[in-house]
Structures are given as C-alpha cells and as structure tokens.
There are 2 protein chains.
Amino acid sequence: MADVKLPPHGASKHGINPLFLRDQELRQAMELLFFAYRDFTAEPDAILAQHGFGRAHHRALHFIGRHPGITVSELLGILRITKQSLNRVLGQLIEKGYVEQRQGTRDRRQRLLALTAAGHTLEERVSADQRARIAKAYREAGAEAVEGFRKVLLGIIAGAPDRARFERPGPPRR
Amino acid sequence: MADVKLPPHGASKHGINPLFLRDQELRQAMELLFFAYRDFTAEPDAILAQHGFGRAHHRALHFIGRHPGITVSELLGILRITKQSLNRVLGQLIEKGYVEQRQGTRDRRQRLLALTAAGHTLEERVSADQRARIAKAYREAGAEAVEGFRKVLLGIIAGAPDRARFERPGPPRR
DNA sequence: ATTTTACGTCAGCCATGTTGACTTATATGC
DNA sequence: GCATATAAGTCAACATGGCTGACGTAAAAT
C-alpha cells in the first residue's frame, strides 16, 4: 500500500493507471447509491409530509409491519437510533392510531408493536412509489441482475446478524 | 388492480398468493437499500463528526472532487437541496480551507468550485471505509453481480439527466 | 434599458438525530 | 427474598441539516 504512489488524480502522463480506474469504479458505486437513495425517498417524503410525518415514521411503520409483535428494543437494534428518538416517533404513530402496543406475555415489561388497519393502509400508500420503482427496475434489469443487486448490497451490509434477516423467507416469530 | 383482493398479510388459507411473494420481494429490496445505506454512512459520519462536519459536507466534497470547476447551481441540481442549505455547508468548507472558489471566465457570475489539497486529503480519509466496503462487496459478488447491481440501481434512479452521469467514463469538463 | 440569472445572505422554523439523568415495572440470579 | 439487571418511558437541552420567505448584488441576456 505504501509503495503505490498515485499522481494527483490518478492519470499518469503515459496512459491510465489501473488503480485509478478502480477508484473511479468505486466512486461510481458511491454515487449510484446516493442517487438511488435520493430518488427512492423523494416521493414517500412528500406523502408523509402531508400527514405531518417524516421518513423516520415510515421506517417504523415498515419494520413494524414486517415484524408484527416486534419489541421496542428489537426495533431500536434495527434502526440504530436512540430510544428517545424512537419514542418520539412511536408516540406520534400511536397517538394518531397507526400503531398499537400490547404487553408481552412471556415478559410483561415488553411492549409488542403492531400496525392497526389504518397503519397498514398508510404504509401501503407511502411505500407504493418505492415498490413500483423497484418493480420497474427489477423488470428492466432481469432476474440475473436482481441476483447481483442483492449479492452486492448484502456485501455492503455490515454484520452477520443483519444479514441473517435476508436468509430466511418469513419474519421472525415471537 | 381492483379485482385482486389480498388477505391481510397476503397468505390465504390454501397456499401462498404469488402477489404476496412479489410484495415480499419488493419489500426485501427496500430493506436491503435501507441497511446498506445505514451501514454505508456510519463510519464516514463518525470521522466527519471529529472535524465538526456532517454527511452534507461529505456529499459536497465528493461531488466537487469528481467535478472540479462545478458551479454552485450544478451542485444544487445534483444534491437537490436549497441554496441556503448548500451555502451553509459550502461556507464552512471554504472557511476551513477544504474548498476554493474562483470566478467563472465564460460567465463571471459563476463561482467555480474545487477542492484544495487539504480537501482532497479529507475526502479520501472520509470515503476510505466506503470504498473499502464496496471493493469488498464487489470482490465477493463477482463481476456479473456488479453489472446487475449497477443495472438495478440505475433503474431506481429517476430521470434521464441523472442517469447520463453514468454513461460516460470521465467527469464533464468545463 | 430592462429583465433574467447566478449567487449570497438574514431570519426563523421543523424533523430527527444526540447526550445525560432519572423513573417504573418486571425478570432474574444468588 | 433481596439485589441487581433489563425493558421501556420521560424530561431537558442541544446540533445538524433540511425548509420557506424576503431581500441584495453583479453580470448576462434580451
């Protein structure tokens, strides 16, 4: 690593440095992720704003919808935010009747979270554009590309525990 | 669309609804994007915080680095934020000596932006983890998967103008 | 000469993250 | 049974990075 010296922008006078190409390729991927995420969230954000909500509310709705009965601390582990931040969002969703809590049976300290019917409806409305966008991208790219897309994103995701989410078909039961 | 009625969570008593599988697949993609983005930004955010900067600063550094001589309004078009928001970030980067402005020659109202040497160094430091993460994911997934990854992300990105960024090899000259 | 464009700036608002301190109820381990 | 640990909630204060709206200046375009 220390013996490779790149010129300021990687291109030497006598041709193109292969490490420069590599860097370009990696930065292109960074941009693809940025643009995709930017466009992926634009529409949902606009719809959420009409309800006085934000992106954080959507994330909660989504994961509660996919894992009915999820506990607060499990949700915290997924979102990687503080409980104070989550509580604000969760409180608003409960107050407006999109999320319900019930006490855990095995452990009565837990609050098991679930979407109400209204919560399901809202989540569907908010995510409609995202699902359509992915459906379109998948359709255009083909099954093989979809496999590659999954593989690479999985490689970007950090730890084993999170990756495990994508190994089994259904949500974890409680 | 109106004639297809899904049971609450898509699974009927007599087998699995193919539309449910489809929905699961799309939601899985949503989650992959979320987790990848979450983990992709965690390390850079930590480094930036040590410098008193945030994610917004990194985005500016990145795009200025890739498009030396970019104008303020071009950068605004890429980031899709307001000029007031960009100005705050840009002002801090200039003040601390990571970004330089010079007056446009063709149009003297323009401020052409470029990284200083310190700016380049900082950007490299901040993006090192991201590049390593992508390099690892690319290596593990293989060339074919990388092609698929690009194809699908490109399909998710909204408009023709933005996609054009990924069609040519080099940054646009000015 | 007028209008439009590129950029900058001031002021204030909101969403969403943070830290730190503290409380309550319940489980768990000795 | 008591001590400790855990799940969740709460209050307060703060930072970042978006936003709107209003206004200013210089230069280009018509």
Side-chain angles (χ1 to χ4, degrees), chain A residues 34 37-38 41-42 44-62 64 69-96 99-113 126 174, chain B residues 34 37-38 41-42 44-62 64 69-96 99-113 126 174:
Chain A
F34 166 73
Y37 206 78
R38 181 198 67 179
T41 50
D45 283 356
I47 299 173
L48 287 157
Q50 295 167 4
H51 293 254
F53 291 145
R55 203 178 291 180
H57 300 85
H58 184 204
R59 291 198 281 252
L61 286 175
H62 169 92
I64 294 170
I70 193 174
T71 66
V72 172
S73 46
E74 283 169 334
L75 193 48
L76 283 173
I78 291 175
L79 300 176
R80 304 261 174 97
I81 57 175
T82 59
K83 74 180 163 178
Q84 294 91 326
S85 292
L86 178 56
N87 235 302
R88 181 165 41 203
V89 164
L90 220 42
Q92 291 162 346
L93 289 172
I94 291 167
E95 193 213 55
K96 301 237 180 120
V99 169
E100 299 179 315
Q101 286 180 318
R102 61 180 206 285
Q103 202 171 44
T105 48
R106 209 188 53 209
D107 182 336
R108 286 181 348 223
R109 289 172 303 181
Q110 296 180 332
R111 306 298 144 91
L112 308 187
L113 305 169
V126 168
R174 170 155 318 281
Chain B
F34 166 73
Y37 205 79
R38 181 198 67 178
T41 50
D45 283 356
I47 298 173
L48 287 157
Q50 296 169 1
H51 293 254
F53 291 145
R55 204 178 289 181
H57 299 85
H58 185 204
R59 291 199 281 253
L61 285 176
H62 170 91
I64 295 171
I70 192 174
T71 66
V72 171
S73 47
E74 283 169 334
L75 193 48
L76 282 173
I78 290 175
L79 299 176
R80 303 262 174 95
I81 57 176
T82 59
K83 74 178 163 177
Q84 294 92 325
S85 293
L86 178 57
N87 235 299
R88 183 164 40 199
V89 164
L90 220 42
Q92 292 162 347
L93 289 173
I94 291 168
E95 191 212 55
K96 300 237 182 121
V99 169
E100 301 179 314
Q101 286 180 320
R102 62 178 205 284
Q103 202 172 43
T105 48
R106 210 188 52 212
D107 182 338
R108 283 178 353 222
R109 290 171 302 179
Q110 297 179 331
R111 306 297 145 92
L112 308 187
L113 304 169
V126 168
R174 168 157 319 280

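Note that these values count all heavy atoms, side chains included, but never hydrogens, waters or copies made by symmetry. Chain identifiers are assigned alphabetically (A, B, ...) following the order of the sequence lines, protein sequences preceding nucleic acid strands; residue numbering begins at 1 within each chain.
- Checking the phosphate oxygens (OP1, OP2) of C:dT5, no side-chain nitrogen or oxygen of B:S73 falls inside 4.0 Å.
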Show your reasoning for whether side-chain contact (heavy atoms from CB on, under 4.5 Å) applies to A:H57 and A:L93. CA-CA 7 Å; A:H57 300 85; A:L93 289 172; 4.1 Å; yes
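- Taking atom CG of residue B:L90 and atom P of nucleotide C:dT9, one finds them 10 Å apart after rounding to whole Å.
- To the nearest angstrom, P of C:dT18 lies 11 Å from CZ of B:R55.
- Nucleotide D:dA7 holds its P atom 13 Å from the CG atom of A:L112, rounded to whole Å.
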CA sep, side-chain torsions, deciding dist, call: A:L112, A:T71, side-chain contact (heavy atoms from CB on, under 4.5 Å): CA-CA 5 Å; A:L112 308 187; A:T71 66; 3.6 Å; yes
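- One finds the CZ atom of B:R55 at 3.5 Å from the OG1 atom of B:T41 (value rounded to the nearest 0.5 Å).
- Near DNA chain D, meaning a heavy atom under 4.0 Å away, the residues from residues 80-88 of chain A are A:K83, A:Q84, A:N87.
- One finds no side-chain N or O of B:T71 lying less than 4.0 angstrom from the OP1 or OP2 phosphate oxygen of C:dA6.
- To the nearest angstrom, P of D:dG17 lies 18 Å from CZ of A:R38.
- Using a 4.0 Å heavy-atom distance criterion, B:Q101 is classed as a sugar-phosphate-only contact.
- Under 4.0 angstrom from either OP1 or OP2 of C:dA15 there lies no side-chain N or O belonging to A:H57.
- Taking atom CD on A:Q92 and atom C1' on C:dC14, their separation rounds to 11 Å, with Å as the unit.
- Atoms CZ and CG, from B:R59 and B:L75 in turn, are 11.0 Å apart once rounded to the nearest 0.5 Å.
- Annotation: the span from A:I64 atom CD1 to A:Q101 atom CD amounts to 9.0 Å, rounded to 0.5 Å.
- Rounded to the nearest 0.5 angstrom, A:N87 CG and A:I94 CD1 are separated by 8.0 Å.
- Relative ring orientation between A:H62 and A:H58 is described as perpendicular, the plane-to-plane angle rising above 60° on a 0-90° scale split at 30° and 60°.
- The heavy-atom pair separating A:H51 from A:K96 by the smallest distance is O-NZ, 3.8 Å.
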Given protein heavy atoms under 4.0 Å, the one-letter contact record of nucleotides 24-30 of chain C, with B base, S sugar-phosphate only and - none, is simply -BBS---
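- OP1 or OP2 of C:dG17 lies within a sub-4.0 Å distance of a side-chain N or O belonging to A:R59.
- When rounded to the nearest whole Å, the span between CD of B:Q110 and P of D:dA29 equals 10 Å.
- For A:L76 and C:dG17, the CG to P distance is 11 Å, given to the nearest whole Å.
- Taking atom CG of residue A:L75 and atom P of nucleotide D:dA7, one finds them 14 Å apart after rounding to whole Å.
- Between the CG atom of B:L113 and the CG atom of B:L86 there is a distance of 8.0 Å, given to the nearest 0.5 Å.
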